[in-house]
**Q** 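My structure is below; once you've seen it, I'll send some questions.
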Amino acid sequence: VAIELEHDFGVRQEAELPADRKRNRHLAFAGDPQVLLLLVRVLLRERICQSRSGLAARCGPDTREDKPVSDFDIAIVGSGFGGSILAMIARCLGYRVILLERGRHPRFAIGESASPLAGILIDQLADRYDLPRLRPLSAFGTWQGTLPHVVCGLKRGFTYFKHETGSRYRADEQRTNQLLVAASPSDELSDTHWLRSDVDQFLVNEAIALGVDYRDLVDLDGIEGQPSGDPLLRGTRQGQSFRVRAQFVVDASGPRGFLS
């Protein structure tokens, strides 16, 4: 997992960056959604937004006539919930964002089982970046009351089982090798199980409504530097050549993804 930011953005953070990528300051790649949330905090902090005087901190479609269709501030590869939430936040901060998806929604994805910490993070992001449509996903009660058409399940709890190396698991009568954890004090405040095909499509639609440029069925096959220093993504879309230039690229496509 690594994040490294172009000096123009005002900050730089690096961790376990592969040697062949140490010189590329326009890329970020993540193995799980929590890292994408970290990227939100680093890349999209208020002082960075203020330093980019050409961008207005607003939500809504980008209506400027002079915006080239292939020129963006941020390109996000992967439209799972991490990529879509990041795209929503970046757009609300005024960035020109393109969100790229290899498949087409609704599409199958494994997971997701929420946790109390995930609910708190969703609340915080919704409040900080003025995303009221995101807040209901933080708990079962608000989700069912606001977004009943987006399928989720009630998470009552989870259990840990202790295994001994080299031995087949056996539960003893006193259940000393089991630990049952209650997920919440009530159904209203309960954590949730997400039907990813529904949730991911909902978040993509929300990102589009905020002005994110979304393209599906994109098969990327490479990334190359340009004389300007900005990365150029290249590939195909529905049999046609597809090229996108952006100042910053985020790989939100998960394990064995585009950059990894």
**Q** Mind checking the CG-OG spacing from N205 to S79? Nearest 0.5 Å is all I need.
**A** 10.5 Å

**Q** Kindly work out whether a path of hydrophobic side-chain contacts (I/L/V/M/F/W/Y, heavy atoms less than 4.5 Å apart) joins L147 to L154.
**A** no

**Q** Would you call V204 and Q201 a side-chain contact if the rule is heavy atoms closer than 4.5 Å?
**A** no

**Q** For the side chain of R243 and the backbone of R234, is there at least one donor-acceptor N/O pair under 3.5 Å apart?
**A** no

**Q** Tell me which pairs pass salt bridge (Lys or Arg N to Asp or Glu O under 4.0 Å) where either residue lies in residues 173-195, with sequence neighbours left out.
**A** R156-D187

**Q** Could you tell me the separation between the CG atom of L203 and the CD1 atom of I85, rounded to the nearest 0.5 Å?
**A**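 L203 atom CG to I85 atom CD1 measures 5.5 Å (nearest 0.5 Å).
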
**Q** For a quick test of reading the model, state the closest non-hydrogen atom pair linking A252 to G83 and the distance between them.
**A**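 Answer, listing the atom of A252 first, then G83: CB-CA, 3.8 Å.
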
**Q** With rounding to the nearest 0.5 Å, note down the distance linking CG in D230 to CG in D71.
**A** 7.5 Å

**Q** Sequence neighbours left out, what passes side-chain contact (heavy atoms from CB on, under 4.5 Å) with S167? Give chain and number order.
**A**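 Testing S167 for side-chain contact (heavy atoms from CB on, under 4.5 Å), a comparison that skips the adjacent residues, returns E164.
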
**Q** Quick check: do E101 and Y214 have side-chain heavy atoms less than 4.5 Å from each other?
**A** yes

**Q** Roughly how far apart are I76 CD1 and M88 CE, rounded to 0.5 Å?
**A**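 It comes to 11.0 Å.
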
**Q** Any donor-acceptor pair under 3.5 Å linking the side chain of T142 with the backbone of A139?
**A**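 Between the backbone of A139 and the side chain of T142 there is a qualifying donor-acceptor contact (under 3.5 Å).
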
**Q** Please determine whether residues F81 and L195 belong to a single hydrophobic cluster, defined as Ile, Leu, Val, Met, Phe, Trp and Tyr linked transitively by side-chain heavy-atom distances below 4.5 Å.
**A** no

**Q** Please report the interatomic distance CD(Q247) to CZ(F72), rounded to the nearest 0.5 Å.
**A** 12.0 Å

**Q** More than 12 non-hydrogen atoms from neighbouring residues, nucleotides or ligands closer than 6.0 Å to CZ on R102, yes or no?
**A** no

**Q** Could you work out, with side-chain contact (heavy atoms from CB on, under 4.5 Å) as the rule, every residue matching S113, not counting sequence neighbours?
**A** K155, H193

**Q** Which of these, R237, H105, R107, sits in a side chain to side chain donor-acceptor pair (under 3.5 Å) with D216?
**A**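 Single side chain to side chain donor-acceptor pair (under 3.5 Å) partner of D216 among R237, H105, R107: R237.
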
**Q** Might you confirm whether atom CD of Q174 has over 12 heavy atoms from other residues, nucleotides or ligands at distances under 6.0 Å?
**A** no

**Q** Starting at OG1 of T176, measure out to NZ of K162 and round the result to the nearest 0.5 Å.
**A**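 The OG1 atom of T176 sits 8.0 Å away from the NZ atom of K162.
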
**Q** In the structure I gave you, are the side-chain heavy atoms of D172 and N177 within less than 4.5 Å of one another anywhere?
**A** yes

**Q** Check the hydrophobic clustering (I, L, V, M, F, W, Y; side-chain heavy atoms under 4.5 Å; chains of links allowed) and say if L179 and F158 are grouped together.
**A**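 In one cluster: yes.
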
**Q** For the backbone of G80 and the side chain of D200, can you confirm whether one donor and one acceptor N or O come within less than 3.5 Å of each other?
**A** no

**Q** Main chain of Y95, side chain of D73: is a donor-acceptor contact present, judged purely on distance under 3.5 Å?
**A** no

**Q** Any sub-3.5 Å donor-acceptor pair from Q226's side-chain atoms to P231's backbone N or O?
**A**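 Flag not set: sc Q226 to bb P231 has no pair under 3.5 Å.
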
**Q** Determine whether a donor-acceptor pair (N or O, by modelled atom type, separation under 3.5 Å) exists between the side chain of T236 and the backbone of G239.
**A** no

**Q** Check whether any side-chain heavy atom of V199 sits under 4.5 Å from a side-chain heavy atom of C152, and report yes or no.
**A** no

**Q** If you compare all heavy atoms of L259 against all heavy atoms of I223, which two are closest, and at what distance to 0.1 Å?
**A** CD2-CG2, 4.4 Å

**Q** Is there side-chain contact between V77 and L220, with at least one heavy-atom pair below 4.5 Å?
**A** yes

**Q** Testing the basics here: between S197 and P106, what is the closest heavy-atom pair and its distance to 0.1 Å?
**A**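 What the structure gives for the nearest pair is O-CB, 3.8 Å.
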
**Q** Is there a side-chain contact between L189 and P185 in this structure, where contact means two heavy atoms from C-beta onward sitting under 4.5 Å apart?
**A**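 Yes; the side chains approach each other to less than 4.5 Å.
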
**Q** So do I98 and R215 actually touch side chain to side chain, heavy atoms under 4.5 Å?
**A**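 Sidechains of I98 and R215: in contact.
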
**Q** Can you give me the closest heavy-atom contact between P136 and P132, atom names plus distance?
**A**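 For P136 and P132, the tightest heavy-atom pair comes out as CD-O, 3.3 Å.
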
**Q** Return the set of residues passing side-chain contact (heavy atoms from CB on, under 4.5 Å) with H163 (not counting sequence neighbours), or none when no residue passes.
**A** F161, Y169

**Q** Do I208 and F202 share a hydrophobic cluster (ILVMFWY, side-chain heavy atoms under 4.5 Å, transitive)?
**A**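 Hydrophobic grouping puts I208 with F202.
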
**Q** Restricting to pairs with a member in residues 131-140, which pass salt bridge (Lys or Arg N to Asp or Glu O under 4.0 Å), not counting sequence neighbours?
**A** D123-R135, D127-R135, R133-E206

**Q** Can you name the residues that form a side-chain contact (heavy atoms from CB on, under 4.5 Å) with I122, not counting sequence neighbours?
**A** L134, L137, S138, W194

**Q** Linking I/L/V/M/F/W/Y whenever their side-chain heavy atoms sit closer than 4.5 Å, directly or via other members, would L210 and V150 fall into one cluster?
**A**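 Yes; tracing contacts between hydrophobic side chains, which count when under 4.5 Å, links both residues.
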
**Q** Taking the side chain as every heavy atom from C-beta outward, state whether L233 and F258 have any atom pair closer than 4.5 Å.
**A**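 In short, these two side chains touch, coming nearer than 4.5 Å.
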
